[in-house]
Amino acid sequence: MTFQITIDGRAVPVEPGQTIGAALHAAGVRAWRTTRFGGRPRGLFCGIGVCFDCLITVNGRPPERACLLEARPGDEVTTS
């Protein structure tokens, strides 16, 4: 049964077992942060937790990799 999480104030549908990164990708969001130098867009790159391009903040916790973090009903995600 599909549920929702909130990403920067926007409701995004999630399938059970889906990572936050996969939910963002499915919702058409390809980039949600930029590089420190140069401001280049970043989102999912490797999709397996090797790189750190998909960092997000979930429920106020320190940044985590969206590709590794399973979405939970009611998660509040913020991007940079």
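Just so you know, residue 1 is the first one in the sequence shown, and it goes up from there.
Within 6.0 Å of CZ on Arg36 lie no more than 12 heavy atoms contributed by other residues, nucleotides or ligands.
A distance of 9.5 Å separates CG of Leu69 from SG of Cys54, quoted to the nearest 0.5 Å. The structure places CG of Asn59 at 6.5 Å from CD of Glu76, a figure rounded to the nearest 0.5 Å. Taking CZ from Arg61 and CD1 from Ile56, the interatomic distance works out to 8.5 Å, rounded to the nearest 0.5 Å.
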Would you check, one step at a time, whether the test side-chain hydrogen bond (donor to acceptor under 3.5 Å, both in side chains) holds for Thr2 with Glu15? CA-CA 5 Å; Thr2 303; Glu15 295 292 329; 3.2 Å; yes
Take Thr57 and Glu64, measure what side chain to side chain contact (heavy atoms under 4.5 Å, CB included) needs, and give me the verdict at the end. CA-CA 6 Å; Thr57 300; Glu64 300 183 59; over 6 Å; no
Given the rule in the side chain to side chain contact (heavy atoms under 4.5 Å, CB included) test, do Val58 and Val77 qualify, once you have shown the distances and angles that lead to the verdict? CA-CA 5 Å; Val58 180; Val77 178; 4.1 Å; yes
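Using modelled atom types, one side-chain atom of Arg30 and one backbone atom of His25 make a donor-acceptor pair closer than 3.5 Å. Side chain of Asp53 to backbone of Arg42: no donor-acceptor contact under 3.5 angstrom is found.
Pro63 is not listed as a side-chain neighbour of Phe52, based on a closest heavy-atom distance of 4.5 Å or more. Between Thr6 and Asp75 the shortest side-chain heavy-atom distance does not fall below 4.5 Å.
Closest approach of Cys46 to Val50, counting heavy atoms only: SG-N, 3.3 Å. Nearest heavy-atom pair across Cys67 and Gly49 is SG-N, 3.3 Å. Among all heavy-atom pairs drawn from Met1 and Pro16, the shortest one is O-CG, 3.3 Å. Scanning both residues, Val14 and Ala71, for their nearest heavy atoms gives CG1-CB, 3.6 Å. Residue Phe45 comes nearest to Cys51 through the heavy atom pair CB-SG, 3.8 Å, listed as atom of the first residue, atom of the second, then distance.
Applying the side-chain contact (heavy atoms from CB on, under 4.5 Å) test between Trp32 and each of Asp8, Leu55, Leu44, Ile7 identifies Leu44 as the sole match.
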